[in-house]
A.B. asks: 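I'd like to ask you about the structure that follows.
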Amino acid sequence: TFALESYGPAGAEKAETQSPPSAIAAKERNAERARILSIVMDDLAMESVENFSRMVEAIKQYVERDMGPRDQVTLLTGSGRVQVPFTSDKQHLLDELTIIFKKMNLSPLIRDSCIKLTDLEAWRFADGMHEFHVDRDYLIQRTMRCLNITIDALGGTDSYKKTAEVYLRAVASLQRQMLEYQTRSLLAMLRQHIRTLRHFEGAKTVVLFSDGFLSESESPEAYRLQEVIDLALRSGIVLNSVSIRNPLQLSEELIDPLDKALFKGAQRDYADMENRSAKESPLSQIAYETGGMFSHSRNDLYKGIHEIA
């Protein structure tokens, strides 16, 4: 058997384990220190609003169960339509959450009703530098079918294909432009809020609820995202994120019935999963690079914010 040996006068060990009065007082001050928490809901870059009710319910549960009496919490949306000032009043926050749908932007990006592209497909196809990442012939074939352009044994004449390609490129370009505008607006809002938080004293935490946004390598959005991260690091602010997507669920709005006719179901599943991964990647990045946490998609969104805050 092994035993710890004792050196020095009797009672030295006990004295060493006892915290001095100053240390105890410091611990008590830390326990009483208010947490400064910013809850940001992305109502700009979202693909769908189908999970907004789950998101709001999770925030309500956090306010009811986990918010301390000295905590200061603010509610914000990416669109800027909701800006509840910092408060420690639980009831006020719950009242605001009850009517929040009347204020939020509930109109996601309108996608073409004929040819449905994932955001990643639209971003890549609209950019000649990244077009090789998508199956161009397959997308043109889908476009021809949705436009009811005759397809012969060779897959359509060159003129028909050209017509479909022009239409497809216009759809992809418009979708990409809107995506970029919404993403930049969301990042600008985050950057401005972080600047405001720099003047607050105490532990400052931001929790972003979102289904993700695109920030592809070397894109303007990637640089803007890095600016937000760098500003948070300089300001001592921890960024966290919660994905509001359902686990392994593909958005119904992006499921194209034409895929069944083209026997491309597996290919569409891959495209949708690739889109999901690309849009959640920035959520992971802002958390890990600022020392925060990223809560992956799950059924219970409350667990995400509970673990973070």
A.B. asks: Within the side chain of Ser241, is there an N or O that forms a donor-acceptor pair under 3.5 Å with the backbone of Leu208?
C.D. replies: no
A.B. asks: Does a side-chain heavy-atom distance below 4.5 Å link Arg136 with Glu131?
C.D. replies: yes
A.B. asks: Check each of Glu47, Glu280, Glu121 against Asn275 using the side-chain hydrogen bond (donor to acceptor under 3.5 Å, both in side chains) test, and report the only one that passes.
C.D. replies: Glu47
A.B. asks: Ring centroids only, cut at 6.0 angstrom: are Phe132 and His130 within range, meaning strictly under it?
C.D. replies: no
A.B. asks: Within the distance-only criterion (no hydrogens, no angle test), does the side chain of Lys90 pair as donor or acceptor with the backbone N or O of Glu64 below 3.5 angstrom?
C.D. replies: yes
A.B. asks: Do you see a donor-acceptor pair shorter than 3.5 Å between the side chains of Asp272 and Thr118?
C.D. replies: no
A.B. asks: Between Ser281 (side chain) and Ser277 (backbone), is there a donor-acceptor pair under 3.5 Å?
C.D. replies: no
A.B. asks: Evaluate Val84 against His92 for side-chain contact (heavy atoms from CB on, under 4.5 Å), listing each step before the verdict.
C.D. replies: CA-CA 9 Å; Val84 179; His92 177 60; 3.9 Å; yes
A.B. asks: Looking only at non-hydrogen atoms, find the nearest pair between Met144 and Ala164 and report the distance.
C.D. replies: CG-CB, 3.3 Å
A.B. asks: Nearest 0.5 angstrom please: Phe125 CZ to Leu168 CG, how far?
C.D. replies: 4.0 Å
A.B. asks: Mark yes or no for whether Ser295, through its side chain, and Val242, through its backbone, hold a donor-acceptor pair below 3.5 Å.
C.D. replies: no
A.B. asks: For Asn246 and Arg298, does a side-chain donor sit closer than 3.5 Å to a side-chain acceptor?
C.D. replies: no
A.B. asks: Walk me through whether Glu165 and Lys161 qualify under side-chain contact (heavy atoms from CB on, under 4.5 Å).
C.D. replies: CA-CA 6 Å; Glu165 182 180 358; Lys161 286 185 176 181; over 6 Å; no
A.B. asks: To the nearest 0.5 Å, tell me how far Ile286 CD1 sits from Ser210 OG.
C.D. replies: 8.5 Å
A.B. asks: For Asp137 and Gln141, test the side chains for any donor-to-acceptor distance below 3.5 angstrom and give the result as yes or no.
C.D. replies: no
A.B. asks: May I ask you to test the Leu187-Thr183 pair for a side-chain heavy-atom distance under 4.5 Å?
C.D. replies: yes
A.B. asks: Does the ring of Tyr302 carry Arg65 above it, NZ/CZ under 6.0 angstrom from centre and within 45° of its axis?
C.D. replies: yes
A.B. asks: Rounded to the nearest 0.5 Å, what separation is found between the CD1 atom of Ile194 and the OG1 atom of Thr196?
C.D. replies: 10.0 Å
A.B. asks: What do you reckon, is CD1 of Ile99 surrounded by more than 12 foreign heavy atoms closer than 6.0 Å?
C.D. replies: yes
A.B. asks: Please check: side-chain N/O of Asp42 versus main-chain N/O of Ala45, any donor-acceptor pairing under 3.5 Å?
C.D. replies: yes
A.B. asks: Please check: side-chain N/O of Ser88 versus main-chain N/O of Gln72, any donor-acceptor pairing under 3.5 Å?
C.D. replies: no
A.B. asks: Hydrogens and angles aside, do Gln175 and Asp119 bring a side-chain donor and acceptor to less than 3.5 Å of each other?
C.D. replies: yes
A.B. asks: Does Asp43 use its side chain to pair, donor to acceptor, with the backbone of Ser79 at less than 3.5 Å?
C.D. replies: yes
A.B. asks: Does Arg245 reach the main-chain N or O of Arg276 with its side chain, forming a donor-acceptor pair under 3.5 Å?
C.D. replies: no
A.B. asks: Linking I/L/V/M/F/W/Y whenever any side-chain heavy atoms sit under 4.5 Å apart, do Leu197 and Leu93 land together?
C.D. replies: no
A.B. asks: Distance check, rounded to the nearest 0.5 Å: Lys204 atom NZ versus Arg198 atom CZ?
C.D. replies: 9.0 Å
A.B. asks: Within the distance-only criterion (no hydrogens, no angle test), does the side chain of Ser173 pair as donor or acceptor with the backbone N or O of Ala170 below 3.5 angstrom?
C.D. replies: no
A.B. asks: Is there a donor-acceptor pair closer than 3.5 Å between any side-chain N or O of Ser235 and the backbone N or O of Ile237?
C.D. replies: no
